[in-house]
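For clarity, every value in this text was computed on a predicted model and none was experimentally measured.
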Amino acid sequence: MWGGVNILCLWDNKTTSIDLRGQNIGSEGGKIIGEALKINTSIKEINLEGNNLGDEGGGAIGEALKINTSIKKINLKGNNLGYEAFKAI
């Protein structure tokens, strides 16, 4: 759980939108989210604004987006993403 948000919904193929903004998820959390997004086909929108994902977490999410074609909108503002993360995304 991050800030009271149950992340198990990332593995639930019924959830279509998730807002994890400002939960200070960090790079390790970004990796977990990346793995979940590789298999979740229901999420269309995800807000990850202000979570300090860094290059590792952002890169993991970028790799997931290469596999997951259901996500249509993602907010990664305020995550200290550098060149490596942007390259992956």
Checklist entry - Between L53 and I25, is any pair of side-chain heavy atoms under 4.5 Å apart? => result yes
Next on the checklist: To the nearest 0.5 Å, what is the distance between CG on L37 and CD1 on I71?
Outcome noted: 4.5 Å
Item to check | Derivation of the side chain to side chain contact (heavy atoms under 4.5 Å, CB included) call for S70 and K44 | outcome: CA-CA 6 Å; S70 67; K44 307 289 183 239; 3.8 Å; yes
Checklist outcome for this item: One should read off an interatomic distance between I33 CD1 and E35 CD, to the nearest 0.5 angstrom, of 11.5 Å
Item to check | Residue list, salt bridge (charged side-chain N to carboxylate O under 4.0 Å, His left out) with K66, at least two apart or on another chain | outcome: E63
Checklist entry - Sub-3.5 Å donor-acceptor pair from the side chain of T16 to the main-chain atoms of S42, do we have one? => result no
Next on the checklist: Check whether N13 reaches the backbone of N40 with its side chain - one donor and one acceptor, N or O, closer than 3.5 Å.
Outcome noted: no
Donor-acceptor contacts under 3.5 Å from residues 81-89 side chains, at least two apart:
from	atom 1	to	atom 2	distance (Å)
E84	OE1	K87	NZ	3.4

Next on the checklist: What's the separation between atom CG in N47 and atom CG in N51, rounded to the nearest 0.5 Å?
Outcome noted: 8.5 Å
Checklist entry - Once you round to the nearest 0.5 Å, how far does CZ of R21 lie from CD of E49? => result 6.5 Å
Checklist entry - Roughly how far apart are S27 OG and N79 CG, rounded to 0.5 Å? => result 11.0 Å
Item to check | Qualifying salt bridge (Lys or Arg N to Asp or Glu O under 4.0 Å) pairs with a residue from residues 53-62, counting only residues at least two apart or across chains | outcome: K31-E56
Checklist entry - So do the side chains of I61 and L48 get within less than 4.5 Å of each other, counting heavy atoms only? => result yes
